[in-house]
Undergrad: 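Sharing a structure here in structure tokens format.
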Protein chains: 2
Amino acid sequence: MTNEAAIQKALQYLSSFHRPSQEAMERLQEYCTTGFITKNKNLQPVGHTCRTLYVNIEGLLRIYYLKDGKDITESFEPALSVVARVESLFSGRASRKGIQALEDTVYVAISTPPLFKLFDKHPSLERLFRKVFEAGYVRTVNRLESLQFHSAEEKYRQLLEEQPDILQRAPLKHVASYLGITQVSLSRIRALR
Amino acid sequence: MTNEAAIQKALQYLSSFHRPSQEAMERLQEYCTTGFITKNKNLQPVGHTCRTLYVNIEGLLRIYYLKDGKDITESFEPALSVVARVESLFSGRASRKGIQALEDTVYVAISTPPLFKLFDKHPSLERLFRKVFEAGYVRTVNRLESLQFHSAEEKYRQLLEEQPDILQRAPLKHVASYLGITQVSLSRIRALR
DNA sequence: GTAATTATTTATCATATGTAAAATGATAGA
DNA sequence: TCTATCATTTTACATATGATAAATAATTAC
């Protein structure tokens, strides 16, 4: 895939949230850069303030953090996801989270300080990203509900329902921590059928 | 507290996220209404699409839902909180969640369809609410992390640290479901000291 | 003020899930 | 191809938490 094609794909995807003015779109495009990262490499290390927003074009990323030395997966981010560590992006504080590629991944990166500046001149861009973040917010609220009161098995079955491909594409240890259970427990559940 | 005072308090609080233009502020004020609800009453029942956003001025609200007939508290919303069932507000779908008063509560209500229309003319209002929602998003992400991998005791201690007053003000059954544990388990933990 | 309701704690028991370690299976590099 | 590493499953055991029911304690309604 050419850089040009990747950026077009990102812009098209972002436009699906809200179509910005022609000029806003052109300004936005100027801040898009493409990148490629190979499996298991880190796109962003733990400990830095998040100032870049990624659109995954092809591949699989995950956001993760370390809790008592253990690697916990916060989210899987497949193609056509906006990927950012929002708790850092919106607070300006250093993130304890990192972004890693679980597959070779093509992405588009947008630097957020200039992006947020663009909002002043182009309300349609602010509208667009407001909707992007609202959608992320909704996903997070729904996930919260799923974690709040489901058994390990229920959480597994829900993932199987909603993102079955993740189970093929990501190591099960990451799936386990994503579900908030141990890998042993996950293995047990999978053995049931 | 007079209606006028409540609205001023709400506007002042909202302005702390982003100061809108004078005119935007005046338009916003026109859509603010005040209300009072007594303890245990429902502000919003389960099953309706969320089209109102509340600012809690004084008192305590909670967002809750029913899971297999059991009452689960999703969040506690004390004074100076923006209260909305975002998964419905942003998707237009009916919410399975309700809003209930845990104390006599004074609130300001803002109808969202006209509010969102105001955004077209007043980007500074869109900016303001974008920041309000971003802050909510960050809280939710952090709470997700707390639920993903903490024991019942850790979650209780964290609540004790961050919102100790909730334990005095809300029935423990709601605290238990909020933490994703049973009331019996919560009682055990509390008995440790 | 008393009864009735609701909230909270305590007790007992069952079980899902965690921990640790070993066994098996898959993948990648030399 | 062989070795080394990593991923996954399995086993055995410990334990936190859930479920149920009963006992107190606190609120509310009459």
Undergrad: Under 4.0 Å from OP1 or OP2 of C/dT9: is there any side-chain N or O of B/Arg190 that close?
TA: yes
Undergrad: May I ask you to decide whether B/Glu145 forms a salt bridge with A/Arg96, counting only side-chain N to carboxylate O separations under 4.0 Å?
TA: yes
Undergrad: Is the side chain of A/Tyr107 donor-acceptor paired with the backbone N or O of A/Gly35 at a distance under 3.5 Å, no angle test?
TA: no
Undergrad: In whole Å, I'd like the distance from the CZ atom of A/Arg157 to the P atom of C/dA16.
TA: 14 Å
Undergrad: Establish, yes or no, whether the cationic atom of B/Lys131 lies under 6.0 Å from the six-membered ring centre of B/Phe17 and within 45° of the ring axis.
TA: no
Undergrad: CG of B/Leu186 versus C1' of C/dA7: gap in Å, rounded?
TA: 12 Å
Undergrad: Rounded off to whole Å, could you give me the CG-to-C1' distance for the A/Leu192 and C/dT17 pair?
TA: 13 Å
Undergrad: What integer distance in Å separates B/Asn40:CG from C/dT5:P?
TA: 17 Å
Undergrad: Quick one: is A/Thr182 getting a side-chain N or O under 4.0 Å of the C/dT17 phosphate, OP1 or OP2?
TA: no
Undergrad: On DNA chain D, compare the nucleotides closest to B/Gly180 and B/Lys39; which residue's is nearer the 5' end?
TA: B/Gly180
Undergrad: Rounded to whole Å, how long is the line connecting atom OH of A/Tyr156 with atom P of D/dT8?
TA: 12 Å
Undergrad: Would you say a side-chain N or O of A/Ser187 is under 4.0 Å from OP1 or OP2 of D/dT10?
TA: no
Undergrad: Starting from P on D/dT10, measure out to CD on A/Gln183 and report it in whole angstrom.
TA: 12 Å
Undergrad: Please report the distance, rounded to the nearest Å, between CD1 in A/Ile189 and C1' in D/dT9.
TA: 13 Å
Undergrad: Please classify the nucleic acid contact of A/Ile181 as base, sugar-phosphate, or nothing, using heavy-atom distances under 4.0 Å.
TA: sugar-phosphate
Undergrad: Using the closest heavy atom to pick a nucleotide of DNA chain D for each, name whichever of A/Lys173 or A/Arg188 lands nearer the 5' end.
TA: A/Lys173
Undergrad: How close or far is atom C1' of D/dT24 from atom CG of B/Leu172, stated in whole angstroms?
TA: 15 Å
Undergrad: State yes or no: are the ring centers of B/Tyr137 and A/Phe133 separated by less than 6.0 Å?
TA: no
Undergrad: Counting heavy atoms from C-beta on, name the nucleotide in C/dT17, C/dT19, D/dG18 closest to the side chain of A/Val184.
TA: C/dT19
Undergrad: Say whether, by atom type as modelled, one donor and one acceptor occur between the side chain of B/Ser111 and the main chain of B/Pro114 under 3.5 angstrom.
TA: no
